[in-house]
Amino acid sequence: MDFRELKETPHRRFNPLTQEWVIVSPHRTLRPWQGKVEARPVENQQAHDPACYLCPGNSRAGGAVNPDYASTFVFENDYAALLPTVEEAKFEESDLLIASTERGICRVGCFTPRHDLTIPRMTLDEIRLVIEMWAEQYRELARIPWVRHVQVFENRGAMMGASNPHPHCQIWATADLPNQSRREQESLENYARKHKSCLLCDYLQLERSQQERVICENSSFVVVVPFWATWPFETLLISKQHVGAMPDLNDAERNLLADIMKQLTTRYDNLFEVSFPYSMGFHERPAGAQPHSEWHFHAHYYPPLLRSATIQKFMVGYEMLGSPQRDITPESAATQLRQLPASHYREAGRVVHEKTS
């Protein structure tokens, strides 16, 4: 059986970054849907919301007042999940009860003073300022002696748990590698040791030669629906150059990162003509003195939408107890995203759908 036949029947695919499998069930797209239908998100229209704790000049929940910022703005999270001054302590009993303190710094980064914008509706110059903020935050936090990992991530939309629609991200620096980065670290190291090359460099070469899962690219970056994607419209943004972290990108590459992010998120919004929810984050080389030459800069986008703006994919049952499972093949998802127009549906003057399912 060749791959064309394989992808039409139930099968599983291997994720070399996490060393896990995902089940693909393409025949299930024919089944009737009676699952949960979410309310269609309301498009935000206010450029400044006096009740928003992220808008310029407004008070935050902790009492601090935001400056009248004109571009990006970073501040320490008023309700941080981690603290930088925790005294080191460990607990272990019978190799079963194991715990240790974790030091960390949690920051919030606002993309723009405009409450009503998102990455796909920002200009390339505005996105470039966000990239400069991310690069500087990585550089600053990675210099702290006890910091081992810097994670930049964005939760967009109430469906992904975003408590505020103002365009923003979070930046966490931790004393240890978190689970996903640790798994990728081990996979990248093992692959480099075995093949004397980079896992993502080799994977990108395969994807570009086949073009089946490539959505868009420019001279420095490629976006694909990964062969092992779990979420219906999951994507992987990969640097064409073998660089380890955002500060390594030169001036032209930072401009092109802004371009590819706008291309991808515009396609996301155009898919169901809605401000597309997702969780995304950059995976960059660990902080510290080691060069980590095996590391390759990339970003993951995990959107929850399945069939429309109001139907969400859930990870439940077998997916929690066994393995993740998807119905739409990565190739089909890539085709849908690739064929969408590059101009945003709101800017193109097309009518926004009023349907709720």
Side-chain angles (χ1 to χ4, degrees), residues 15 17-20 53-54 60-64 66 72-110 133-156 160-164 168-190 192 230 244-248 278-300 302 315 319-321 324:
N15 182 340
L17 281 174
T18 63
Q19 303 292 303
E20 296 175 340
Y53 56 82
L54 297 180
R60 299 203 300 273
N66 297 327
T72 60
F73 170 51
V74 178
F75 62 92
E76 301 289 328
N77 195 316
D78 297 317
Y79 299 96
L82 297 167
L83 301 172
T85 55
V86 175
E87 183 179 350
E88 185 174 342
K90 294 182 179 180
F91 171 80
E92 184 173 344
E93 184 175 331
S94 304
D95 286 335
L96 295 172
L97 308 180
I98 303 170
S100 65
T101 52
E102 177 70 353
R103 299 172 72 181
I105 297 171
C106 300
R107 294 176 177 172
V108 176
C110 297
M133 173 185 76
W134 288 333
E136 180 55 36
Q137 287 296 305
Y138 177 92
R139 187 182 297 110
E140 176 186 328
L141 292 166
R143 288 196 189 110
I144 298 173
W146 56 265
V147 168
R148 179 83 190 283
H149 179 75
V150 179
Q151 179 65 66
V152 174
F153 64 98
E154 178 194 5
N155 294 324
R156 177 178 166 191
M160 296 307 293
S163 59
N164 191 314
H168 71 285
C169 69
Q170 296 190 54
I171 306 145
W172 290 21
T174 54
D176 294 282
L177 283 181
N179 293 340
Q180 294 302 316
S181 293
R182 177 172 48 81
R183 288 179 185 136
E184 290 193 5
Q185 175 70 39
E186 292 171 355
S187 297
L188 290 167
E189 284 181 334
N190 291 338
T230 296
M246 203 172 299
D248 299 341
Y278 57 71
S279 283
M280 70 80 67
F282 294 98
H283 277 170
E284 307 176 69
R285 69 168 174 266
Q290 298 299 320
H292 288 289
S293 59
E294 74 285 349
W295 200 265
H296 191 119
F297 176 72
H298 61 282
H300 298 277
Y302 299 124
M315 292 289 182
E319 292 165 311
M320 295 180 71
L321 299 165

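A quick note: this is a predicted structure, and the numbers were derived from the prediction, not measured.
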Subject >> Euclidean distance, R107 CZ relative to H168 NE2, rounded to 0.5 Å >> reply: 16.0 Å
Subject >> Heavy-atom check, side chain of N77 versus side chain of Q170, under 4.5 Å >> reply: yes
Subject >> Pairwise distance CD(Q180) to NE2(H149) - rounded to 0.5 angstrom >> reply: 10.0 Å
Subject >> Value rounded to 0.5 Å, distance of CZ in R103 from OG1 in T85 >> reply: 8.0 Å
Original post:
Which residues pass the side-chain hydrogen bond (donor to acceptor under 3.5 Å, both in side chains) test with E136, sequence neighbours left out?
Top reply: R139
Subject >> Over all atoms of both residues, closest heavy-atom pair of T174 and E102 >> reply: CB-OE2, 3.3 Å
Subject >> Step-by-step side chain to side chain contact (heavy atoms under 4.5 Å, CB included) determination, I144 to I105 >> reply: CA-CA 11 Å; I144 298 173; I105 297 171; 3.6 Å; yes
**OP:** Might you point out which heavy atoms bring A135 and M246 nearest each other, and give the distance in Å?
**Re:** N-SD, 3.9 Å
**OP:** Identify the heavy atoms of Q151 and H283 that sit nearest to each other, and give their distance.
**Re:** OE1-CD2, 3.4 Å
**OP:** Could you tell me how the ring of H298 sits relative to the ring of H300: parallel (under 30°), tilted (30 to 60°) or perpendicular (over 60°)?
**Re:** perpendicular
**OP:** Could you check whether the rings of F297 and F282 sit parallel, tilted or perpendicular, using 30° and 60° as the cut-offs?
**Re:** parallel
Original post:
Does Y53 offer a backbone N or O that forms a donor-acceptor pair with the side chain of N66 under 3.5 Å?
Top reply: yes
**OP:** Please round to the nearest 0.5 Å and tell me the distance separating atom OG1 of T101 and atom CD of E87.
**Re:** 8.0 Å
Subject >> Beyond-backbone contact of W134 with C169, side-chain heavy atoms, under 4.5 angstrom >> reply: yes
**OP:** Go through E154 and Y278 one step at a time and tell me if the side chain to side chain contact (heavy atoms under 4.5 Å, CB included) criterion holds.
**Re:** CA-CA 8 Å; E154 178 194 5; Y278 57 71; 3.0 Å; yes
Original post:
V147 and A287: which non-hydrogen atoms are nearest, and at how many Å?
Top reply: O-CB, 3.4 Å
Original post:
Which distance, rounded to the nearest 0.5 Å, do you find between the CG of D78 and the SG of C106?
Top reply: 11.5 Å
Subject >> Closest non-hydrogen atom pair, C110 against M133 >> reply: O-SD, 4.0 Å
Original post:
How long is the gap from CG on L177 to CD on E186, to the nearest 0.5 Å?
Top reply: 9.0 Å
Subject >> Pairwise side-chain contact, Y138 with V152, heavy-atom cut-off 4.5 Å (strictly under) >> reply: no
Original post:
Taking the side chain as C-beta and beyond, is there a heavy-atom pair between E92 and I98 under 4.5 Å?
Top reply: yes
**OP:** Search all heavy atoms of T18 against all heavy atoms of S187 and return the closest pair with its distance.
**Re:** N-OG, 4.3 Å
**OP:** List the steps, then state whether side chain to side chain contact (heavy atoms under 4.5 Å, CB included) holds for Q185 with W295.
**Re:** CA-CA 7 Å; Q185 175 70 39; W295 200 265; 3.3 Å; yes
Original post:
When you look at R183 and E20, which way does the side chain to side chain contact (heavy atoms under 4.5 Å, CB included) test go after all the steps?
Top reply: CA-CA 10 Å; R183 288 179 185 136; E20 296 175 340; 3.9 Å; yes
